[in-house]
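Just so you know, residue 1 is the first one in the sequence shown, and it goes up from there. Counting starts at 1 for both ligands and their atoms, in listed order. These numbers come from a predicted model, not from an experiment. Heavy-atom basis, side chains included; hydrogens, waters and symmetry copies ignored.
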Amino acid sequence: MVASPSVVQNYNVKMNGVDKADQTRTEYPTYRMCKRWWTYIFYFLLDLSIANSFILMKESPNHNLKTNTGKNKVRSLLSFRMNLAKQLTGNFRGSRKRKRLSNIDPQEVEHWPCENDKRGRCKQCFSNKVRKDVKIKCSGCDVFLCLSCFREFHKK
Ligand SMILES: [Zn+2]
Ligand SMILES: [Zn+2]
């Protein structure tokens, strides 16, 4: 397998990390040790699989090694990881953004034909110069509409 110097370097850094972890592990009681053990295995495997896919990408003729910025620079493991993180998180934004999204968007109001107590003039028929009294109102627009006009009215 062809390993780039940066991958080898990265692997060595990780191995040092694990060695240090082995030394410090004895200072923790058993339950702490278990917790840490899981975390280490998880991150170790994650790092390993990222490094492996990076090597595969370098080996693959279908991937260009240029960075996204278009500069003639070979993609490093760091920029590979950054890119991967961006792709995995996608459009996800913090909770602040999500709160704002939950505010009612006028385009996302639901429009259902609901029966009203009193009759009213169908707005669509009215604009077509026809007088038609109906009991059906749109729940979203709060406007009287006959069923045959309901769809046409919401097309615009
Ligand atoms: Zn109508
Ligand atoms: Zn409506």
Would you compute the distance between atom CG of N116 and atom CD1 of I136 and round it to the nearest 0.5 angstrom?
9.0 Å
Angle subtended at the Zn ion (ligand 1) by C146 SG and C122 SG, rounded to 10 degrees
120°
I'd like to know if R81 pairs up with D47 as an ion pair, taking the criterion as any Lys NZ or Arg NE/NH1/NH2 lying under 4.0 Å from an Asp or Glu carboxylate oxygen.
yes
Please say whether more than 12 non-hydrogen atoms of neighbouring residues, nucleotides or ligands are located less than 6.0 Å from NZ in K137.
yes
Rounded to the nearest 10°, what angle sits at the Zn ion (ligand 2) between NE2 of H154 and SG of C138?
110°
Given the Zn ion (ligand 2) as the apex, I'd like the angle to ND1 of H111 and SG of C141, rounded to 10 degrees.
100°
I need the minimum non-hydrogen distance between V109 and G140, along with the two atoms involved.
CG1-CA, 3.7 Å
